[in-house]
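This report refers to the structure that appears directly beneath it.
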Amino acid sequence: MTIASAAGKAILFGEHAVVYGKPAIAVPLSRIRTTVQVKSLDPGSTGVLIDAPDINQSFWLHEADGDDPLASAVRITLDELSVKAPIDVHLTIHSQLPIASGLGSSAAVSVAIIRALSGHLGKPLEVEALSQIAYIVECIHHGTPSGIDNTVVAYEKPVYFIREHKPEPIPISTPLNLIIGDTGVSMKTTIPVSLLRERWEKDPGTYGSWFEEIGEIVKEARTMLKVGSIESLGVLMNRNQAVLEDMGLSSLELQRLVRAARESGALGAKLSGAGMGGIMLALVEPDTIQIVEAALRESGAKQVFITEVDG
Ligand code: PMV
C-alpha cells in the first residue's frame, strides 16, 4: 500500500494578473491536505477503482465520464508514466480542502494522486515532472491556468511565480499568521477568469493598467517578505484587494469578511484565488488571531482556517 499527500495553497498576492504574465506570490498550506491511498485490488477484481467518500463518489476508471476530474488525473498520470499494461488498484481520496474555493483543492488532488500512483508503481517523479503532470490536468478543467496552483502545491514552498518561468522559492524571514475565511460560496475558477478576459478584451487599457498595478504590488510584497515587514504586507494586501474590487472580482460575502477582519485588527485582508466567492485571507499579529477568527465567524464565514507560513 502507498499513501501520499499534498498541501493546499493560498495566493497571497497577484491572482488573475498572473494569467496575463505578471508575477504572483503563493504559499503552501501544509496543515490542510489531500491524501491518496493506493493499494492492490483483492484477487478476482480487475481495473482501477476510485473512491472519494468525502464527496460520495465511488466508480471504476473505465466507466468514468471522459471529463471527470479524478478520472482524468488518474488517466493522465498513467499516460505520463508510460504505464501501458492494465493495472489493478484501489485509490481512496480524502481531502480537508473545500472544493472550488481558492485553496487549490484540484491541484492538491492531482498532485496527491500523481505522487501516490507513481510511488506505488515504483516510478517516483522529480518535483518539476510532478508539477508538469498536474498542470496538464489543470488545463483540462481550467482552460488557461497560469500554473501557479500546481507549482506551489507540488513544491510545497512559498513561490514567486511568473507564467512560463522557472518558479523562484522565496525566503520568508518572519513567519506569517494567516486566517482564512471561507464564504461557503463555491466558484469554479473558469467563471471569474473568463469574465475578466471578456472585460479586458473590451477595455484593454484600463484592465492592462490594473494588471500593471498588481504586478508592482507583488514586487513590493516580495521585498517586504524578505525584510519581514509584516505591517507593510498588510497594507499591500489591502491595495491588492482594492484593485480586485475595481475589476469586479469581489462579492458581498467576501466584502463582509474582509471588512470584519480589518475592523477586528487584521493588518490586511483580501480575497484569494479566483474570487466572486471562495475564500478571503487576513494577515494578523499572533495576539489578534482569536479576535479576528471570532469576527469572521460572526460575519458569516462557513469555515475558518488558522495557519502559520514560514520560509
Ligand atoms: O481559485 P484558484 O485557487 O483556482 O486560483 C485561481 C488563480 C487565478 O489567478 C485566478 C487563475 C490562474 O490560473 O492563476
Problem - Pairwise salt bridge (charged side-chain N to carboxylate O under 4.0 Å, His left out) hits with a residue in residues 157-168, at least two apart - result: Glu168-Arg222
Atom pair [atom1]/[atom2] of [X] and [Y] - distance to nearest 0.5 Å:
X      : Y      : atom1 : atom2 : answer
Ser264 : Ile179 : OG    : CD1   : 7.5 Å
Ile180 : Glu293 : CD1   : CD    : 12.0 Å
Ser101 : Lys188 : OG    : NZ    : 14.5 Å
Met224 : Ser229 : CE    : OG    : 5.5 Å
Tyr160 : His165 : OH    : NE2   : 10.0 Å
Ile148 : Phe161 : CD1   : CZ    : 6.0 Å

Is it true that [X] and [Y] fall in one hydrophobic cluster, defined by side-chain heavy atoms closer than 4.5 Å?
X      : Y      : result
Val235 : Leu12  : no
Leu78  : Leu125 : yes
Tyr135 : Leu70  : no
Val227 : Ile217 : yes
Val48  : Val83  : yes

Exercise for the section: Verify the distance criterion only: is there a donor paired with an acceptor across the side chains of Ser250 and Gln255 at less than 3.5 Å? Expected result: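 Ser250 vs Gln255: donor-acceptor pair found between side chains.
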Exercise for the section: Report yes or no: do Glu128 and Tyr155 form a side-chain donor-acceptor pair below 3.5 Å? Expected result: yes
Problem - Counterpart residues, ring-ring contact (aromatic ring centres under 6.0 Å, His included), relative to Tyr20 (two or more places apart) - result: Trp200, Phe211
For the side chain of [X] and the backbone of [Y], is there at least one donor-acceptor N/O pair under 3.5 Å apart?
X      : Y      : answer
Arg115 : Ser5   : yes
Gln241 : Leu271 : yes
Asp65  : Asp67  : no
Arg33  : Gly8   : no
Asn177 : Ile289 : no
Ser299 : Ala260 : no
Thr183 : Ala301 : no
Arg262 : Leu267 : no
Thr288 : Ile291 : no

Is [Y] paired with [X] through a side-chain N to carboxylate O contact shorter than 4.0 Å?
X      : Y      : value
Lys9   : Glu156 : no
Glu253 : Arg256 : no
Lys202 : Glu198 : no
Glu15  : Lys270 : yes

For [X] against [Y], the heavy-atom pair lying closest together:
X      : Y      : value
Ile136 : Glu80  : CD1-OE2, 3.7 Å
Ser131 : Thr151 : OG-CA, 3.6 Å
Arg75  : Leu61  : NH2-O, 3.2 Å
Leu233 : Phe13  : O-CZ, 3.7 Å
Ile114 : Ile133 : CD1-CG2, 3.6 Å
Gly21  : Ile162 : O-CG2, 3.7 Å

Practice task
Answer yes or no: are there more than 12 heavy-atom neighbours, outside Ile191 itself, under 6.0 Å from its atom CD1?
Solution key: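 More than 12 heavy atoms, drawn from other residues, nucleotides or ligands, come within 6.0 Å of this atom.
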Practice task
Verify the neighbour count for atom CD of Glu126: are there more than 12 heavy atoms of other residues, nucleotides or ligands below 6.0 Å?
Solution key: no
Kindly indicate whether the side chain of [X], heavy atoms from C-beta on, has any atom under 4.5 Å from the side chain of [Y].
X      : Y     : value
Lys39  : Val89 : no
Gln37  : Met1  : yes
Leu121 : Thr2  : no
Thr92  : Val36 : no
Ser105 : Pro98 : no

Handout entry: Check against side chain to side chain donor-acceptor pair (under 3.5 Å), Asp42 and Ser45
Key = CA-CA 6 Å; Asp42 297 335; Ser45 309; 5.7 Å; no
Cut-off 3.5 Å, no hydrogens considered: what does the side-chain donor-acceptor table look like for residues 302-311, sequence neighbours left out?
from: Lys302; atom 1: NZ; to: Gly300; atom 2: O; distance (Å): 3.2
from: Gln303; atom 1: NE2; to: Asp182; atom 2: OD2; distance (Å): 3.4

Practice task
Verify side chain to side chain contact (heavy atoms under 4.5 Å, CB included) between Ile170 and Val159, making sure each step is shown before the conclusion.
Solution key: CA-CA 5 Å; Ile170 42 170; Val159 290; 5.7 Å; no
Exercise for the section: Show your reasoning for whether side chain to side chain contact (heavy atoms under 4.5 Å, CB included) applies to Ile214 and Val18. Expected result: CA-CA 9 Å; Ile214 292 179; Val18 68; over 6 Å; no
Can you give each donor-acceptor pair under 3.5 Å made by side-chain atoms of residues 50-57, sequence neighbours left out, with the distance rounded to 0.1 Å?
from: Asp51; atom 1: OD1; to: Ser58; atom 2: OG; distance (Å): 2.5
from: Asp51; atom 1: OD2; to: His90; atom 2: NE2; distance (Å): 2.7
from: Asp54; atom 1: OD1; to: His94; atom 2: ND1; distance (Å): 3.3
from: Asp54; atom 1: OD2; to: Ser95; atom 2: N; distance (Å): 2.8

Practice task
Could you check Ile140 against Ile76 for side chain to side chain contact (heavy atoms under 4.5 Å, CB included), going step by step and ending with a plain yes or no?
Solution key: CA-CA 10 Å; Ile140 295 183; Ile76 290 168; 3.1 Å; yes
Can you give me every donor-acceptor pair (side chain of residues 22-29, partner residue at least two apart or in another chain, under 3.5 Å) with its distance?
from: Lys22; atom 1: NZ; to: Glu212; atom 2: OE2; distance (Å): 2.9

Mind listing the side-chain donor-acceptor pairs of residues 272-287 below 3.5 Å, one per line with the distance, residues two or more places apart or on another chain?
from: Ser272; atom 1: OG; to: Ile11; atom 2: N; distance (Å): 3.2
from: Ser272; atom 1: OG; to: Ile11; atom 2: O; distance (Å): 2.9

Problem - Test side chain to side chain contact (heavy atoms under 4.5 Å, CB included) applied to Val74 and Leu91, Val38, Val137, the passing residue - result: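 Result: among Leu91, Val38, Val137, Leu91 is the only option passing the side chain to side chain contact (heavy atoms under 4.5 Å, CB included) with Val74.
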Exercise for the section: Please state whether the rings of Trp60 and His62 are parallel, tilted or perpendicular, taking 30° and 60° as the class boundaries. Expected result: tilted
Practice task
Could you walk me through whether Ser110 and Glu138 pass the side chain to side chain donor-acceptor pair (under 3.5 Å) test, one step at a time?
Solution key: CA-CA 8 Å; Ser110 299; Glu138 293 279 284; 4.7 Å; no
